[in-house]
*Asks:* 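Have a look at this one before I ask anything.
Atoms within a ligand are numbered from 1 in the order they appear, just like the ligands themselves.
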Amino acid sequence: MDKISYNFKNRTAVITGGAQGFGLDIAKRFLNSGAKVIIWDIDPKMVEKSLNDLNNTNLSSNIVDVSNYQEVESSVKEITKNSNIDILINNAGITGPTATLWEYEIEMWKKVVDINLMGTFNCCRAIVPNMIKNNYGRIVNVASVAGKDGNANASAYSVGKAGAIGLTKSLGKELADKNIAVNAITPAGAKTRILDQMTKEHVQRMLSKVPRGRFLEVEEFTSLVCWLSSEENTFSTAAVFDISGGRSTY
Ligand SMILES: NC(=O)c1ccc[n+]([C@@H]2O[C@H](COP(=O)([O-])OP(=O)(O)OC[C@H]3O[C@@H](n4cnc5c(N)ncnc54)[C@H](O)[C@@H]3O)[C@@H](O)[C@H]2O)c1
């Protein structure tokens with residue numbers, strides 16, 4: 001199937017968690033569409049591997065923990081010395097362990113919320129002023145069906161993603177009078193490394209809820225991200241876009 005071509009020439013995108021999985025696939029498609037891409041990730045080995053594999057002068061990276069505001073802010077200061085940030089994909093995330101709420105390790109629960117929710121807040125907090133200055137921005141927050149449905153044995157993840165959905169709706173409205181769009185996506189399960197963090201039974205339970213009867217392909221996810229990140233998306237904002245194979249119908 002031929003993919004629609006997007007024109008991201010003269011656009012700079014920050015993709016968090018871009019060293020692998022969804023983020024890396026978005027990076028590839030953005031680069032092929034002419035964008036400059038900066039990956040923020042905490043995994044130096046995967047970052048190095050991806051930079052080597054893609055071997056593209058429009059691609060660079062920073063080791064940034066999105067849950068650490070100082071790290072996020074200093075990277076933004078560095079980037080905006082030479083360029084604007086036109087596109088922000090808040091994609092970094094972890095699921096944490098599969099456990100009931102009452103058995104969940106407390107520090108781990110906080111960490112999962114910190115990365116999924118505070119990470120999204122930190123990146124928006126630090127980058128939005130640059131977008132306001134330029135009256136241009138496209139922000140895509142990668143949430144999950146877990147944030148809509150609330151998955152059993154995944155309370156921290158469900159809360160982090162539900163929070164990211166609420167953040168999207170608030171921020172989208174705050175920026176609605178500008179050419180800045182803020183949207184969230186709620187994917188169902190896709191075969192990336194993140195599935196290793198959950199038990200096989202939990203992953204099977206997730207899959208059994210999907211009427212399409214299969215996992216989401218990363219390229220299918222990237223297609224939706226591309227439209228939401230493009231100049232063509234001139235009206236949709238503060239919204240939640242579903243890509244769950246029929247699992248969530250709201
Ligand atoms: N794959 C799925 O089934 C699925 C379903 C719904 C939503 N999602 C969401 O999609 C996003 C991408 O997931 P993926 O499946 O590509 O997972 P992945 O594990 O393949 O990639 C996630 C990346 O985020 C990075 N990361 C983790 N914590 C970070 C931090 N604190 N700061 C910076 N980078 C950090 C990791 O190093 C990794 O490279 C996540 O937000 C995830 O919750 C995934």
*Asks:* Around Glu48, counting heavy atoms of other residues, nucleotides and ligands shown, do more than 12 lie under 6.0 Å from its CD?
*Replies:* no
*Asks:* State whether a side-chain donor-acceptor pair under 3.5 Å links Thr100 with Glu103.
*Replies:* yes
*Asks:* Could you tell me if Asp149 and Tyr250 have a donor-acceptor pair between their side chains, going purely by distance under 3.5 Å?
*Replies:* yes
*Asks:* Does Phe215 have any ring pair (Phe, Tyr, Trp, His ring centres under 6.0 Å) partners at least two apart in sequence or in another chain, and if so, which?
*Replies:* none
*Asks:* Can you sort out the partners of Ile185 under side-chain contact (heavy atoms from CB on, under 4.5 Å), two or more places apart, ordered by chain and number?
*Replies:* Val140, Pro187, Phe221, Leu224, Val225, Leu228, Ile243
*Asks:* Between ligand 1 and the protein, give all atom pairs where both partners are nitrogen or oxygen and the distance is under 3.5 Å, as lines of names plus distance to 0.1 Å.
*Replies:*
from: ligand 1; atom 1: 1 (N); to: Ala190; atom 2: O; distance (Å): 3.2
from: ligand 1; atom 1: 1 (N); to: Thr192; atom 2: OG1; distance (Å): 3.1
from: ligand 1; atom 1: 3 (O); to: Ala190; atom 2: N; distance (Å): 2.7
from: ligand 1; atom 1: 3 (O); to: Ala190; atom 2: O; distance (Å): 3.3
from: ligand 1; atom 1: 15 (O); to: Thr192; atom 2: OG1; distance (Å): 2.4
from: ligand 1; atom 1: 16 (O); to: Phe22; atom 2: N; distance (Å): 2.8
from: ligand 1; atom 1: 31 (N); to: Asp65; atom 2: OD1; distance (Å): 2.8
from: ligand 1; atom 1: 32 (N); to: Val64; atom 2: O; distance (Å): 3.4
from: ligand 1; atom 1: 32 (N); to: Val66; atom 2: N; distance (Å): 3.0
from: ligand 1; atom 1: 37 (O); to: Asp41; atom 2: OD1; distance (Å): 2.6
from: ligand 1; atom 1: 39 (O); to: Gln20; atom 2: NE2; distance (Å): 2.8
from: ligand 1; atom 1: 39 (O); to: Asp41; atom 2: OD1; distance (Å): 3.3
from: ligand 1; atom 1: 39 (O); to: Asp41; atom 2: OD2; distance (Å): 2.7
from: ligand 1; atom 1: 41 (O); to: Asn91; atom 2: O; distance (Å): 2.8
from: ligand 1; atom 1: 41 (O); to: Lys161; atom 2: NZ; distance (Å): 2.8
from: ligand 1; atom 1: 43 (O); to: Tyr157; atom 2: OH; distance (Å): 2.6
from: ligand 1; atom 1: 43 (O); to: Lys161; atom 2: NZ; distance (Å): 3.1

*Asks:* Would you mind listing every ring-ring contact (aromatic ring centres under 6.0 Å, His included) that reaches into residues 28-61, with sequence neighbours excluded?
*Replies:* Phe8-Phe30
